[in-house]
Amino acid sequence: MGPRGLAALESLYLAKKNSNSSKKLKVVLFEASAYPGAGQVWTPNQVKTNLSNVHERNLSNNLAGREALHFEDVFIPEFPGYKDWLASAAADYSKKDIFPSRAKLGSYLNERFNTLKEALAGSDLIEFYQEEVIKVEPSESGCIIYTKHNQPIEADDAVLTIGHQPTYDSEQLRKWSEHAEENNLKLYKDPYPVGALETDSISEETTVALRGFGLSMVDQVRALSIGFGGVFKEKEDSIKWEYIPSEKAPKQLVVFSLNGLPPAPKPVNAIIDNWFKPNEKENHSFVNAIEKAEQNTESINDASFLIEALANMTASVYLRIPEQNRKHMLSHQELSQLTLQLIKNPNTAHDLILKYDLPALEAMQHLLQMAFGQTAISLDYCLGQVWRFALGILYHDYTYLNLTDEAMVDVVRYIEASKRYSYGPPVKSLQQLIALVEAGVLNLDFVNDPKITPVENGWKLEKNNKSIIAQVMVNSVIDAPQLVAVSSPLIQHLLKDKRVDPVSYKLGLHTLEDGSIISKNGNSHQHISLLGRLAKGSIIGVDDLIECFGKPAHKWAESLIDRL
């Protein structure tokens, strides 16, 4: 019962209201965390320094509310969309976009769930268990649900609305874990909750290494600076910020990743963001390419149809902003071909493209200036922002493409590769990272794939004849939704019994458009459905909060009511 579970529950009652079914619905809910509706990722009690990478402008426009639902003797009140829930004066997004904390979004989701639960209190229509489901076993007429502490529960139908699941440790993390145990060292294997970092075991003398250079790393860096009393101050007449450390904050944070590339911030406001927004003609061309592929799925073996359409759309957008882009004499066709080459090979070298091997600090400074519109826009930055708009189309209108496994693997590969730009953080995150570097706290000397050696007092990082020892290691890499890597007992049981069929070892499992799970032998009549992250490979857009309330949940609910 995280956001996707809440969306599924609301969709179920909406489908019930709109149907002619007289069958009484009893729903049993399971959520291990203390905040149903929010789940673990959006829990309202997490540290306020964890920011959403979705701005309030997008949430206000697209996170709709729940209509009042009245059927039989049941009345469920309406609940406002995010914009009305804020209940504050409209923000001026032309100046600066606002990115809410994850805790704030979690409060919205938890409150939305509680109003629904309270409306059904005292009826026999709903049961809630604050427990983790460890097994779902099909029966002749439905399924049986097992938790750790309660008796098995029989149901006519079950839907798994699970998000991030625990995964098996990589070989590197496994060895680091053994090393930490043997030498009484601190290794934080899970990026969340970042509040766990704010402990007495980390002091001003501690050198902390952070594995990963993405959104989760930024949350952890904030926890290790602001969380220990450090302060960021804006500089007058400058996009740069200043960091003032506290006496308790660690004085040395060392970040590293496989390629050393920093995340690219989203544009600072609606005006600059609109530079990259495709117009009606460009959107139409992109949609035509997708629909043509949908009509010929048997002949689609890779993501060429998608990235060619994206390259064409990006070229058109780049040519429309001549005052903002880097100067060039390329035709639309030449620009489209260069963009396609860039998508396929991110280290493509060209005057229009930000150098792939720029020092990390210099790259962050260039990206920040582009986000503020203070320097010429590079083609790669434009591509990343256009990707974001293109993903909005894909996630909202084409969640189920029904392509071959081979093609879906390729599509998802390119989507994942785009996330450094398309899932970028707010400008504030880059301003804070740069301030930490300039204050001598954030060390980027080892950012690009250093040699790492476990030593008695920590982990030794080496790069370019420099070395440093970190006493604490923090993993900030969130594993991709690979079904075969998931270690949760729920998924392990389904795999063992061959109740699910992985799309490929790189992705999630096969489902129909309504979420029905397809078994290893092709059976899709198991009374078990899945909506969520592990459907990646059948469904596109599984990591998007707004799309939790989108088509997949409605399709599942309507299909279920029809079956019942």
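Please read all numbers here as calculations on a predicted model, not as lab measurements. Counting from 1, the numbers follow the sequence of the chain as shown.
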Between [X] and [Y], does at least one N-O distance fall below 4.0 Å, as a salt bridge requires?
X      : Y      : result
Lys419 : Glu416 : yes
Asp219 : Arg102 : yes
Asp273 : Arg57  : yes
Arg320 : Glu282 : yes

For Phe389 together with Phe276, are the ring centres under 6.0 Å from each other?
no
Between Phe256 and Phe446, does the ring centre distance come in under 6.0 Å?
no
Looking at every non-hydrogen atom in both residues, tell me the closest pair between [X] and [Y] and how far apart they are.
X      : Y      : result
Leu531 : Ala8   : CD1-CB, 4.1 Å
Ser257 : Pro450 : O-CD, 4.4 Å
Ile377 : Met370 : CD1-O, 3.6 Å
Pro262 : Ala360 : CG-O, 4.2 Å
Val208 : Pro250 : CG2-CB, 4.5 Å
Pro100 : Lys104 : CB-CD, 3.9 Å

May I ask you to check whether [X] and [Y] show a side-chain donor-acceptor distance below 3.5 Å?
X      : Y      : result
Glu56  : Tyr82  : yes
Asn475 : Tyr188 : no
Arg388 : Ser418 : no

Is it true that atom [atom1] of [X] has more than 12 heavy atoms of other residues, nucleotides or ligands lying nearer than 6.0 Å?
X      : atom1 : value
Lys327 : NZ    : yes
Asn296 : CG    : yes
Lys235 : NZ    : yes
His332 : NE2   : yes
Glu171 : CD    : yes
Glu280 : CD    : no

Within a strict 4.5 Å, meaning less than it, do heavy atoms of the [X] and [Y] side chains meet?
X      : Y      : value
Leu352 : Ser378 : no
Leu261 : Tyr356 : yes
Trp241 : Leu433 : no
Glu406 : Ile300 : no
Arg326 : Leu379 : no
Trp176 : Ile452 : yes
Ile244 : Phe232 : no
Ile343 : Leu383 : yes

Short side-chain to backbone donor-acceptor contact, [X] and [Y], under 3.5 Å:
X      : Y      : answer
Arg222 : Thr49  : yes
Glu362 : Pro359 : no
Tyr243 : Val437 : no
Lys355 : Ala363 : no
Thr43  : Gln40  : no
Ser467 : Lys463 : no
Asp97  : His55  : no
Asn62  : Asn58  : yes
Ser422 : Trp387 : no
Lys266 : Asn53  : yes

Where do His328 and Leu335 land on the side chain to side chain contact (heavy atoms under 4.5 Å, CB included) test, with the steps shown first?
CA-CA 10 Å; His328 65 92; Leu335 199 55; 4.2 Å; yes
Could you state the interatomic distance from [atom1] ([X]) to [atom2] ([Y]), rounded to the nearest 0.5 Å?
X      : Y      : atom1 : atom2 : answer
Phe305 : Ile290 : CZ    : CD1   : 7.0 Å
Glu462 : Asp445 : CD    : CG    : 13.5 Å
Asn301 : Asp410 : CG    : CG    : 10.0 Å
Asp357 : Asn448 : CG    : CG    : 9.5 Å
Leu430 : His366 : CG    : NE2   : 13.0 Å
Leu394 : Leu310 : CG    : CG    : 9.0 Å

Report the C-alpha separation of Ser101 and Asn50 in whole Å, then their side-chain angles, then the decisive distance to 0.1 Å, and conclude whether the side chain to side chain contact (heavy atoms under 4.5 Å, CB included) test is met.
CA-CA 6 Å; Ser101 67; Asn50 289 352; over 6 Å; no
Parallel, tilted or perpendicular: rings of Tyr423 and Tyr395 (30°, 60°):
perpendicular
Does the side chain to side chain contact (heavy atoms under 4.5 Å, CB included) test come out yes or no for Leu444 and Phe213, once each step is laid out?
CA-CA 10 Å; Leu444 299 177; Phe213 202 10; 4.2 Å; yes
Please lay out, stage by stage, how Glu438 and Lys240 fare under the test salt bridge (charged side-chain N to carboxylate O under 4.0 Å, His left out).
CA-CA 10 Å; Glu438 294 183 341; Lys240 282 191 173 184; 2.8 Å; yes
Between Thr207 and Leu253, does the side chain to side chain contact (heavy atoms under 4.5 Å, CB included) criterion hold? Intermediate values first, please.
CA-CA 6 Å; Thr207 296; Leu253 306 176; over 6 Å; no
